[in-house]
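Residue numbering restarts at 1 for every chain, and letters A, B, ... go by the order of the sequence lines. Just so we're clear, the structure is a prediction, and the values are computed from it rather than from any experiment. For the numbers below, each heavy atom of this structure counts, side chains included, while hydrogens, waters and symmetry mates do not.
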Protein chains: 2
Amino acid sequence: MIAVASAAEERPARVSGIDKIERRRVALAESALKTLGELGYARTSLREIANNSEFTHGVVHYYFRDKIDLISYCVRYYKTKCARRYDEVVETATSADELGAGFLAKMTQTLVEETPMHRLWYDLRAQSMFEEQLRADVIAIDQLLEEMIWRILSRYAELVGGEAAVDAATAYALMDGLFEQAVVGYAGDPAGAPERLAGRVSQILPKLIITT
Amino acid sequence: MIAVASAAEERPARVSGIDKIERRRVALAESALKTLGELGYARTSLREIANNSEFTHGVVHYYFRDKIDLISYCVRYYKTKCARRYDEVVETATSADELGAGFLAKMTQTLVEETPMHRLWYDLRAQSMFEEQLRADVIAIDQLLEEMIWRILSRYAELVGGEAAVDAATAYALMDGLFEQAVVGYAGDPAGAPERLAGRVSQILPKLIITT
DNA sequence: GAGATTTCTTGACAAGTGTCAAACAAAGTC
DNA sequence: GACTTTGTTTGACACTTGTCAAGAAATCTC
C-alpha cells in the first residue's frame, strides 16, 4: 500500500514537528478537497485552493512539492475515509433484508451528503487515464472500493444462505456503474436520483446471488 | 435533439459556403478529437489542437466562437459515430448466441481500437458535472447509448424467448460500469483487459433476462 | 482584371498558471 | 538575550491560456 508521506523524506525528524507538519498537511488537504470537489480537477488551481483556505499560496508549496504531490496526497487521504463507509452495516446486520436496507440507506445518504467528493472521485479516475502520476493511487482506491463491495455482497450471500454469483471485480463494476449514473444524474437533477438508485440496486443485488 | 450548427446563425447564407464551413468544422473537430482523446479535456488547449492540425490557432477561433463551442461541437459530432456501433450485429444475428458473440466482439474491438475516444467520453462526462455547458450534450449522448444497449438487450431477450429483467437505464448503467472499468484498466495495463471484459459481460448478460 | 468578400495568418493583449526565492515572523535552543 | 531553526508572507519569474483584431491572401463576382 502507498505511504501517505511522500515529499517529506528530507525534513528534520523531530517527532513533534512531524506531527505538526502532518496536521498542517491534513488541514491543507481537507481544504483542497473542498475546492476540488466544487470545481473539479481541471479548474482548480493552487491559488484557488489557498484562497479557500486560511493559508497563503506559498504555504501550499511549502508543504507539498508540487501540484501533483498535493492532489495525490488528497486522494490518498480521501480513500481512508470512504472505503469503510458500510462496515458498520455489514457487521451489525443480522438478516439479508436488514443488510440490504442498511446498505441502500447509507448509499443514498452518501450520494446526497457527499456529492462533491463522489464527483471528484469520478473526475480523478478519468484524469488518471491521462496522467500516469495519478494512476497508482486511483488503482489502490479502486481496489479498496472493490473489497468494500465484496464484503457487502459476500455477507449478503451468507445471510441469504447462498453464494455470490460473480467475482469481486464484476460486482464492483456493476455497482459502480449504477452509482456513477446516480452521481452524474444528481448533478443535473437532484430530485428522485437517490430513489432511482435505491430501486435499481435492490433490483440487481438478488441477481448477483445464487441460492444453493 | 440538439442541432449541430450553433455559432453560425449570423453567417452569410450561401449554400455552398455553408457546406464548406461545415466541412472545415468537421475537419477541425476530427483533429480536435484526436488531440482531446490523447491529452484529455484538462490538458488540451486551443493552440495544441491547432498545432496537431493543418490549421493555425486563428482558424479555430474563426470557425468556433470559443473553446466550449468547439468542444461541444466535437462531442455532438462524436455521438453520431458511436451509438450505432452495434446496429449491424443486432439486425443480422439470428440467434441469441450469435448476437452475444457479435456484441462481445464489437465491444472488445472498439475498446482496443478506439481507446482514446472512450477515455475522452468518460472524461467529458465527468467534466459535465462541473461545467453545466457540457451537461445537455452529455445527457443526450447518454440517452443514445442507453437506447443502444436497450436495443441489444431486448433483441437478445427476444431471441432467447424471454424478456428483459431490468429497465433500459439500469441495463445501461450496468454495462457501462463494466465497460468503464475495462477502459480505465486498459489505460494502466492493456494486456488481458478485453478478455476480462468479454468474460464479465457474457456472465452478466443472461442474468438480465427472464425466460418465460 | 478591378473590387468586394471570405478565409487565414500573425502578433498581441490580459489574465491566470505553477514554481520559486528572498524577506520576514515565530519558535525553539543554548 | 543572541542565534539557529522552522514556518509564513509576499512578490516575482517564466510560461500558457483564451480571446481578439489588423492585415495579408485567396476566392468569388461582375
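One finds no side-chain N or O of Arg65(A) lying less than 4.0 angstrom from the OP1 or OP2 phosphate oxygen of dC20(C). In this structure, Tyr62(A) does not reach the dT8(D) phosphate: none of its side-chain N or O atoms is under 4.0 Å from OP1 or OP2. Taking side-chain N and O atoms only, Thr56(A) has no distance below 4.0 Å to OP1 or OP2 of dT8(D).
Put simply, the side chain of Leu39(B) does not reach to within 4.5 Å of the side chain of Phe130(A), judged on heavy atoms. Leu208(A) has its side chain within reach of Met175(A): a pair of non-hydrogen atoms, C-beta onward, lies under 4.5 Å apart.
Comparing atom distances between the Leu46(A) side chain and each of dG18(C), dT19(D), dC8(C) picks out dG18(C) as nearest. The side chain of His57(A) approaches dT10(D) more closely than any other nucleotide in the set dT10(D), dC8(C), dG7(D). Ranking dG7(D), dC20(D), dT9(D) by closeness to the Tyr63(A) side chain, first place goes to dG7(D). The nucleotide whose nearest atom lies closest to any side-chain atom of His61(B) is, among dT9(D), dT19(C), dC20(D), dC20(D). In the set dG18(C), dT19(D), dG7(D), dG7(D) carries the atom at the smallest distance from any side-chain atom of Ile21(A).
The nearest whole Å value for the distance from the CZ atom in Arg23(A) to the C1' atom in dG7(D) is 14 Å. Distance Ile71(B) CD1 to dG18(D) C1': 12 Å, rounded to the nearest Å.
We find the CD-CD1 distance between Gln127(B) and Ile71(B) to be 9.0 Å, quoted to the nearest 0.5 Å. Expressed to the nearest 0.5 Å, how far CD of Glu180(A) lies from CG of Leu197(A) amounts to 12.5 Å.
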Listing time: all N or O pairs from protein to nucleotides 25-27 of chain C that are below 3.5 Å?
none

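Residue Arg47(A) is classed as a base contact, given a heavy-atom separation below 4.0 Å to a base.
A salt bridge does not link Glu195(B) with Arg200(B): every distance from a Lys NZ or Arg NE/NH1/NH2 to an Asp or Glu carboxylate oxygen is 4.0 Å or more.
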Could you tabulate the donor-acceptor pairs under 3.5 Å formed by side-chain atoms of residues 184-192 of chain B, not counting sequence neighbours?
{"residue": "Asp189(B)", "atom": "OD1", "partner": "Ala191(B)", "partner atom": "N", "Å": "3.4"}

